[in-house]
Amino acid sequence: MHRKSACVETFKSLYEKWLPTRIEIVSKSAIESYRIAYDHIQSIANMPINLIKYSDMQCVIDNMRDNGLSYASAKKVRTLLSLLSKYAIVNDIDIKDYTPFLNLGHDVSVYPHKPFTRQQINRLWCLDTADTYGILMLLYTGMRCGELLSLRKNDINLRTRCLIIRQSKTEAGRNRLIPIHNRILPIVTTFLLDKYGASPTAIRAILGHKHGDITTKVYTHKELRELRKAIELLP
């Protein structure tokens, strides 16, 4: 007969104790990932953990896959269960860690990635919009969208033609250097100048662009003083 106790641990109680210990050491996106994974284990969240069997955990994974959720989502749930189990073990809480034995099913990409063809890339160069410049920067650097949006003035060095990624979804992605391809150098420069307040006309004059190029469509001459002011915005 199992001993009943008001202090019996559940995955819910473990999660509420464990999550605050992670907030200072992992990214916000990781915390959000834990929260999403926790939503998927509600069927076992309130069960006493010393009564949870392998079949209970596997049922969580199976239900996710049966409902069309991806291998990656199932893997995040397994990771959360593993972390909670390890947290229980180091705190001398009675639990059996079944997570190494959970079957996640086949890793089939829901949205398989297809690389851009040369023709598609050339078509992007023919378009003259801000959206296509962002896509081209992503294509020629390998950055994620969030990494591009988080770039700051000091992250881009036009003298050495490289940029540094300081904010990334993963630990491995942070503080990495990316060389700037010659073809997107004017786009990167325009992006910086525009972001830090240079006038559109000054941007075009500094870069040597004319009507129809990758900057604004109206050309007027600017005094050297304004151009100096604009260029000083760069690192």
- Using atom types as modelled and distance alone, determine if a side-chain donor or acceptor of Glu9 lies under 3.5 Å from a backbone N or O of Ile93. no
- Message: Once side chain to side chain donor-acceptor pair (under 3.5 Å) is applied, what residue pairs with a partner in residues 31-49 remain, sequence neighbours excluded?
- Response: Arg22-Tyr34
- Are Phe101 and Ile44 joined in one hydrophobic group, where the rule is that I, L, V, M, F, W and Y side chains link up if heavy atoms are under 4.5 Å apart? yes
- Heavy-atom side-chain proximity of Cys145 to Leu138 below 4.5 angstrom: yes
- Excluding sequence neighbours, so at least two apart, what forms side chain to side chain contact (heavy atoms under 4.5 Å, CB included) with Ser55? Lys53
- Nearest non-hydrogen partners of Pro115 and Gln120, listed with the distance: O-OE1, 4.2 Å
- Task: Specify the closest pair of heavy atoms between Asp97 and Pro100, including all atoms of both residues, with the distance to one decimal.
- Result: O-CD, 3.6 Å
- Inter-residue atom distance Asn63.CG - Ile41.CD1, 0.5 Å rounding: 13.5 Å
- Item | Exercise: do Ser82 and Thr79 side chains pair donor with acceptor under 3.5 Å | no
- Task: To the nearest 0.5 Å, tell me how far Leu81 CG sits from Tyr98 OH.
- Result: 13.0 Å
- Check Leu148 against Gly134 and note the closest heavy-atom contact, atom names and distance. CD2-O, 4.0 Å
- Compare all side-chain heavy atoms of Ile52 with those of Phe11 and state whether any distance is below 4.5 angstrom. yes
- Message: Taking the side chain as everything from C-beta on, heavy atoms only, tell me whether Phe116 gets closer than 4.5 Å to Leu124.
- Response: yes
- Could you walk me through whether Leu80 and Tyr15 pass the side chain to side chain contact (heavy atoms under 4.5 Å, CB included) check? CA-CA 9 Å; Leu80 176 65; Tyr15 177 80; 4.3 Å; yes
- Query: What's the spacing between Leu19 CG and Ile23 CD1 if we round to 0.5 Å?
  - Reply: 5.0 Å
- Query: Has the side chain of Arg65 got a donor or acceptor atom that lies under 3.5 Å from a matching backbone atom of Leu104?
  - Reply: yes
- Task: May I have the step-by-step check of side chain to side chain contact (heavy atoms under 4.5 Å, CB included) for Met47 and Thr10, ending in yes or no?
- Result: CA-CA 6 Å; Met47 293 174 61; Thr10 63; over 6 Å; no
- Measure the shortest side-chain to side-chain distance between Ile165 and Leu177 over non-hydrogen atoms and say whether it is less than 4.5 angstrom. no
- Message: Any non-hydrogen side-chain atom of Thr189 less than 4.5 Å from a side-chain atom of Ile156?
- Response: no
- Do Ile164 and Leu185 share a hydrophobic cluster, counting only Ile, Leu, Val, Met, Phe, Trp and Tyr and linking them when any side-chain heavy atoms are less than 4.5 Å apart? no
- Query: Just how far is it from atom CD1 of Ile31 to atom CD of Glu24, taken to the nearest 0.5 Å?
  - Reply: 9.0 Å
- Heavy-atom closest pair (Ser150 atom, Asp155 atom, distance to 0.1 Å) is O-OD2, 3.9 Å
- Task: Determine, using the 4.5 Å side-chain heavy-atom cutoff (strictly less than), whether Leu84 and Ile36 are members of one ILVMFWY cluster.
- Result: no
- Would you call Thr141 and Ile184 a side-chain contact if the rule is heavy atoms closer than 4.5 Å? yes
- Considering all heavy atoms of both residues, which atom of Leu14 and which atom of Ile49 are nearest to each other, and what is their separation? CD1-CD1, 3.8 Å
- Does Val90 belong to the same Ile/Leu/Val/Met/Phe/Trp/Tyr cluster as Trp18, with side-chain heavy atoms less than 4.5 Å apart forming each link? no
- Task: List the steps, then state whether side chain to side chain contact (heavy atoms under 4.5 Å, CB included) holds for Tyr54 with Leu102.
- Result: CA-CA 8 Å; Tyr54 166 81; Leu102 293 176; 3.8 Å; yes
- Query: Nearest 0.5 Å, what's the NZ-CD1 distance between Lys75 and Ile61?
  - Reply: 12.0 Å
- Message: Show the nearest heavy-atom pair for residues Ile89 and Ile95, with the distance to one decimal.
- Response: CG1-CG2, 3.7 Å
- Task: Could you tell me whether the side chain of Met57 reaches within less than 4.5 Å of the side chain of Val77, counting heavy atoms only?
- Result: no
- When you check the gap from the basic side-chain N to the acidic O, do Glu147 and Arg174 get nearer than 4.0 Å? no
- Spatial distance of atom CG (Asn182) from atom OH (Tyr140) [nearest 0.5 Å]: 11.0 Å
- Are a donor atom and an acceptor atom from the side chains of Arg166 and Asn154 found within less than 3.5 Å of each other? no
